[in-house]
Participant: 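Please find one structure pasted underneath; my questions will follow.
Residue numbers count from 1 along this sequence.
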Amino acid sequence: MMAKKLKTYVHVAERDDEGALTGRAGTFGPDDKLEPWAERAITNPDVWADGDEADDPAPDGSANTDSMPAGGQPSKATRQRSGR
């Protein structure tokens, strides 16, 4: 199986099963080899090259909106959750 590749830079924050931050975070880009935790945490389909998408949703089945293209705008779900 071919490794997934990002087409842009993303900042990723890992969350546990209850949705709390674990303290592990990182910024990844197209030339980086993603660690398994980071690949699971990235759920924005727009950041993957050639139609790659994350296989696993967030543990609670919701979209993890902590990852977005560098310089991008928060998703609609993020704005609704934060009241913006």
Participant: For Leu6 and Ile42: C-alpha separation, side-chain torsions, deciding distance, then whether side chain to side chain contact (heavy atoms under 4.5 Å, CB included) applies.
Facilitator: CA-CA 10 Å; Leu6 292 167; Ile42 299 170; 4.2 Å; yes

Participant: For Thr27, enumerate each residue passing the side chain to side chain contact (heavy atoms under 4.5 Å, CB included) test, keeping only those at least two apart in sequence or located in another chain.
Facilitator: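 So Thr27 forms a side chain to side chain contact (heavy atoms under 4.5 Å, CB included) with His11.
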
Participant: Please find the pair of heavy atoms, one from Ala25 and one from Ala13, that lie closest to each other, and give the distance.
Facilitator: CB-CA, 4.1 Å

Participant: What closest approach, in Å, do Asp32 and Gly29 show between heavy atoms, and which atom pair accounts for it?
Facilitator: OD2-N, 2.7 Å

Participant: Kindly give the heavy-atom pair with the smallest separation between Trp37 and Gly26, and that separation in Å.
Facilitator: CH2-N, 3.9 Å

Participant: Would Val10 and Asn44 count as a side chain to side chain contact (heavy atoms under 4.5 Å, CB included) here? Give the steps.
Facilitator: CA-CA 10 Å; Val10 295; Asn44 181 344; over 6 Å; no

Participant: Would you confirm whether Lys7, through its side chain, and Pro30, through its main-chain N or O, come within 3.5 Å as a donor-acceptor pair?
Facilitator: no

